[in-house]
Trainee: 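Could you have a look at this structure, given as structure tokens, before my questions?
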Amino acid sequence: MKISNKIIERHGLKIDEYKKIKLLLEREPNLLELGIFSAMWNEHCSYKSSKVHLKKLPTKNKYVIQGPGENAGVIDIGDDDAIIFKIESHNHPSFIEPYQGAATGVGGILRDVFTMGARPIALLNSIHFGEEKNKKTKNLLNGVVSGIGGYGNCIGIPTVAGETKFNETYNENILVNAMAVGHANKNKIFYSKAKGLNKPVVYVGSKTGRDGIHGASMASAEFDENSEDKKPTVQVGDPFTEKLLLEACLQLMKDNSIISIQDMGAAGLTSSSVEMAHKGSLGLELDLSKVPCREENMTPYEMMLSESQERMLIILEEGKEESAKKIFDKWDLDFKIIGKTTSSNKLILKYDNKTVADIPINALSTDAPIYQRKWEKTKLVKNKKLNNIKKGNFKESLLKILTSPNHSNKKWITQQYDQMVMGDTILRSGSDAAVIKIHQKNKAIAVSVDSSANYCNASPQVGGKQIVCENWRNLISVGSRPIAITNCLNFGNPENKKIMGQFVETIDGIKEACEYLDFPVVSGNVSFYNGTNKKNIFPTPVIGGVGLVQNLNKVIDHRFKDIGNEILVIGKTFGHLHQSVYMNEILGINDGLPPEVNLKNEKNNGQIIMQLIDNNFVRSVHDVSAGGIILSLAEMSMSSGIGVKIARPNKLSNIFEYFFGEDQSRYIVEIKKEKISATIKLLDENNIFHETIGQTQANNFSVEKEFDESVDKIYKLNNTWFKNINATIKK
Amino acid sequence: MKSSVIVFPGSNCDRDIAVALEKLQFKNKMVWHKDSELPKSDLIVIPGGFSYGDYLRSGAIAAKSKILNEVIKAANKGCLILGVCNGFQILIETGLIKGALLRNKNLKFINKDVYLKVNNTNQFCKNYKNGQIIKLNIAHNEGNYFTDKNHLMEIKENNLIAFQYCDEKGLVNDETNPNGSLNNIAGILNSKKNILGMMPHPERMIDKIISNEDGLNIFSSILN
Amino acid sequence: MKFAITVTLKKDVLDPQGKVVQQTLQNMGMDTLVNVRQGKYFEIELNETKEDVAKNLIEEMCKKLLVNLIIENYTINKIS
Amino acid sequence: MKFAITVTLKKDVLDPQGKVVQQTLQNMGMDTLVNVRQGKYFEIELNETKEDVAKNLIEEMCKKLLVNLIIENYTINKIS
Ligand SMILES: Nc1ncnc2c1ncn2[C@@H]1O[C@H](COP(=O)(O)OP(=O)(O)O)[C@@H](O)[C@H]1O
Ligand SMILES: [Mg+2]
């Protein structure tokens, strides 16, 4: 078949890129080869627009065993225990088919983690939908949540944390990011690098069908009116098979059979085989006639580009074929030797004894295009003075926020996730971070995912920094020491200078915070082209962090514990309202700058909270984030049923600025009377700003002269939005 | 005391159950579903999970496995059998416990802590006080127990309900019923009372650091 | 030979799925709706030329696996 | 008026349920079995005497609620 411009375009390749392919091959590619190039050279696999910028991120501290570049990042948590984790996006597939899109997103990220030898122990997700009144929103929400739950519940890994946000910017492009966290022995970690010649290359797992052909290209293509046509490419997940694959792989990993192993994710057999060969500077020869197929008459093109789920590629030590096969037989999974490693540095594909593709590995990896895309700085909009702010109604404002979808109780979602399977979940969803015990040990990890699209849109640099800090605060608030993060960078079209600028500046912000806090990036994912017809989404970096709890008795949460305790705010309140929930949702204003983060204060305040927890001075801790002090207090009350009595701010500050302001680096703590003086002494000695704002009390949530309602009532109000959702959802 | 935990492809609470049993010093063995022999056991546990993906009907396919024939034989000889969640669904599909487990009334998977009222007139609940309110965790799609009128009569007359969903104070009504289960049934015995099927997971409540210890008494009741 | 099998809940068994579907449709304004029952559907292909042998086998499949006779009914139709 | 609706997965879409059912039946010794696909079945009763109005409504139900058109096909039959 002659390769026409139309065919090139349909493969998501630019004409210049096609010219480069011809140069590298020194001839025209055939259709199969073109398909392979298109899969490897697209944004999703090649990182061609992001690579030069991602390099700037800090990736090391004393805990890091493996940073970016492998299937997932690895950190050392002592006693030979390693934690392996990564986050990944499945945005476009989830918009097209929310259940399967989200489910296969979970399945995919799980494989990234267990392919490295870890048993997955926790799942998280960050999901962003359009505004409430968009008619697709509720159905998408319902489908995505069932899909995430459907997969995680069935495979038996607890889904323990996440975030759910609604914003008009996602009306035509939702975000579904899934994170998986696994536990491994640090001396038994598996990598994708191939080694040795003539080693058997083995295909295991499900059979290959026509699922998701061109999925990887689709994930990198902007939506347009015709995206409906791309629907048949959506893959279907089978968590049952993944469970079998997980157990079989972990069993095989116990002996020394595996040289290298790689999941088949985006671009399936193509990317997994190229990745293994490239990392090992070897060639691979595969016989596609041997690939287990689900449908009849599948072509080599289909086999190489299929994104059927629940498959892995393994390079085995010679002589281990029999024993390895036995394991996969036990779990009723396909096991097929489909090729061998070679010294040729080429990917050679055979079918029916004919060579059907012959491509230098480098052409697909190192020689893939890398772009220094043009970018421009985001124009910052100065804060305008807010004149009418004094006229607001405090009570109505708070109630409106409590009943808005963004700040509603997310129980409707989290009850659809099994959070307790595996028996190690100490803190579940609803906490600042989830805490998962390391099985049968006296230590735990804390995990959290966070994003703040409004902040990032107003100032990508400040937003990038803020989101890392918020994640750090969440991990600290449950009694852990933050160790490292993964990140999923969801952006619009990188060929647009403004968007590229958002990307570059976000990375600057993330980098600055990570460096200062010694909180490196060990893995991540970039999702570009989120948007439709030139309307791009707000820049939405999502940070997934992991912290370590050394002593299980120090795990703490944000639920008030008793009546009559003092409530302190740690960190200074200036009353920054621009880009806050109050300005956005109550005043309907969406401009100005997000609150700045002072990294020095961030670190000091965080460390003092760790110390307060360590000294058993505090009964509950909650970070102050979106919605300010008042929303944080309400959350502490609603989760515990215990009320508060809060005084008006004593200085001249405006009550809205004071209670709804979103200044950074703050925490609320609950302290028993007898621990107050010791606490204050410690805070003063360390020059930490603090103020006592009130006490816990029975039944009522009250703010002097402004608000007085039973906790019960605000709890009910906080649950109404989701309670009313069922009636309107497509089944 | 010797126990066996049956493991099917897709079981995922097998480890959790084993941890609970071992905590109480049961000598426990894991038994793979393809095995045709069952180790000598005083207690057989069929754990939760998604055996065979819960495809067709939850529990239906596991109920056809080889090892289930052995379980049925043991059951008929009076061996104690505990089925939790998917294990309960499997017991239902084998007919060892009568009735059916339908989709939850809200058609959603439900994971939450629930209060249960205990009826202690059986070997599995001896160590609870009668009428005691305990808190366990449920996590299922199909826990909506249903049976016919005659069987319901038998259940009531013979005290076969082991657990009922209720609230903190022990109130049993529609509001405290998470899944639509008939008479708020959360756990039920066969007529000989040597088999207990229950939707809530006792093995998730065996450690104060993680949750509470309300599940321990089921295992300890069996011990003596 | 190919058969279609439909499996439905018996009349006096509560059908939570059907009920929710029905409510949702009614909420969507479909007022003439009287009742919805939901069931399962199988298409089974056999390598068998004798119709009676095939039918017997399908019956057996239903009884032994596909149908929970305590709560479900079934019907079998030959489609090709 | 009463309709039967069958909803099946499109041809190339993975059917994990059907696959497991098929394997189980084969393990039970049913060797002539070639293929199983599983789908959904609905029986819907309408209070409507005009057949075309009824059919249109059922079509609408399928498209708006019962069927995931991205991965499923459906057929409608009048049963009474
Ligand atoms: N935003 C990011 N920050 C750090 N590392 C990243 C980022 N995005 C991708 N990476 C790293 O680049 C590598 C390739 O990513 P990806 O293609 O998503 O992995 P996979 O092939 O497992 O899907 C991974 O090691 C990943 O951790
Ligand atoms: Mg990977």
Side-chain angles (χ1 to χ4, degrees), chain B residues 51-66 68-69 88-110 140-152 154-155 174 177-185 188 190 197 199, chain C residues 1-30 33-46 48 54-77 79:
Chain B
S51 58
Y52 298 93
D54 259 7
Y55 298 142
L56 189 59
R57 294 178 308 276
S58 32
I61 294 176
K64 306 294 170 214
S65 64
K66 258 196 205 160
L68 249 291
N69 295 327
F88 184 13
Q89 293 162 341
I90 294 168
L91 289 176
I92 289 269
E93 282 287 339
T94 56
L96 284 173
I97 291 183
K98 276 197 240 166
L101 287 161
L102 306 172
R103 286 284 298 272
N104 296 341
K105 69 176 173 211
N106 69 350
L107 298 195
K108 299 220 176 293
F109 186 93
I110 304 172
H140 58 250
N141 256 319
E142 279 112 354
N144 181 350
Y145 184 78
F146 176 85
T147 195
D148 60 39
K149 281 195 189 104
N150 291 339
H151 183 223
L152 188 63
E154 185 201 330
I155 289 173
D174 278 354
N177 186 339
N179 55 18
S181 204
L182 200 68
N183 281 41
N184 286 39
I185 289 174
I188 187 173
N190 65 334
M199 291 315 296
Chain C
M1 224 168 259
K2 212 166 165 185
F3 293 84
I5 299 156
T6 55
V7 181
T8 47
L9 284 170
K10 287 186 182 162
K11 244 183 95 213
D12 50 352
V13 177
L14 177 83
D15 172 16
Q17 299 202 56
K19 224 171 100 190
V20 170
V21 169
Q22 179 170 337
Q23 265 165 13
T24 311
L25 289 168
Q26 279 161 342
N27 288 341
M28 286 161 72
M30 305 188 174
L33 183 62
V34 180
N35 192 28
V36 178
R37 302 278 293 172
Q38 182 166 348
K40 292 191 191 111
Y41 175 79
F42 300 90
E43 261 173 37
I44 299 190
E45 207 182 322
L46 297 182
E48 174 62 67
K55 271 217 168 130
N56 279 339
L57 190 65
I58 298 280
E59 274 284 345
E60 198 188 332
M61 289 178 182
C62 287
K63 289 197 176 125
K64 286 205 177 147
L65 185 74
L66 302 179
V67 185
N68 180 344
L69 294 167
I70 300 165
I71 49 168
E72 294 170 331
N73 291 322
Y74 64 96
T75 60
I76 299 174
N77 279 303
I79 40 181

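Chain naming here is simple, since letters A, B, ... match the order of the sequence lines and numbering starts at 1 in each.
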Trainee: Of the backbone (N, CA, C, O) and the side chain (C-beta and beyond), which part of C:I71 lies under 4.5 Å from a heavy atom of chain B, both, or neither?
Mentor: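 Just its side chain gets close to chain B.
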Trainee: Taking side chain as everything from C-beta outward and backbone as N, CA, C, O, which of these in C:K19 sits under 4.5 Å from a heavy atom of chain B? Side chain, backbone, both or neither.
Mentor: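 When you check distances to chain B, no heavy atom of C:K19 falls under 4.5 Å.
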Trainee: Please classify the contact of C:V13 with chain B as side chain, backbone, both or neither, using a heavy-atom distance under 4.5 Å.
Mentor: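 Its backbone and side chain both get close to chain B.
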Trainee: Please classify the contact of B:N144 with chain C as side chain, backbone, both or neither, using a heavy-atom distance under 4.5 Å.
Mentor: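 Contact with chain C involves the side chain of B:N144 alone.
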Trainee: So for C:D12, is it side chain, backbone, both, or neither that comes closer than 4.5 Å to the heavy atoms of chain B?
Mentor: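 Looking at C:D12, just its backbone touches chain B.
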Trainee: Counting C-beta onward and ignoring hydrogens, is there a side-chain heavy-atom pair between B:M199 and B:I110 closer than 4.5 Å?
Mentor: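 No, side chains not in contact.
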Trainee: Between the main-chain N or O of B:R103 and the side-chain N or O of B:N141, is there a donor-acceptor pair closer than 3.5 Å?
Mentor: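 Here the side-chain-to-backbone pair does not exist.
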Trainee: Specify the closest pair of heavy atoms between C:K64 and B:K64, including all atoms of both residues, with the distance to one decimal.
Mentor: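 Minimum heavy-atom contact is O-CE, 2.6 Å.
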Trainee: I would like to know whether C:Y74 and C:E59 meet side-chain contact (heavy atoms from CB on, under 4.5 Å); could you show each step before the answer?
Mentor: CA-CA 10 Å; C:Y74 64 96; C:E59 274 284 345; 2.7 Å; yes
Trainee: So C:L57 and C:E48, do their side chains get closer than 4.5 Å, heavy atoms only?
Mentor: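 When only atoms from C-beta onward are counted, C:L57 and C:E48 do not touch, as no gap falls below 4.5 Å.
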Trainee: Taking side chain as everything from C-beta outward and backbone as N, CA, C, O, which of these in C:Q23 sits under 4.5 Å from a heavy atom of chain B? Side chain, backbone, both or neither.
Mentor: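 The answer is neither part of C:Q23.
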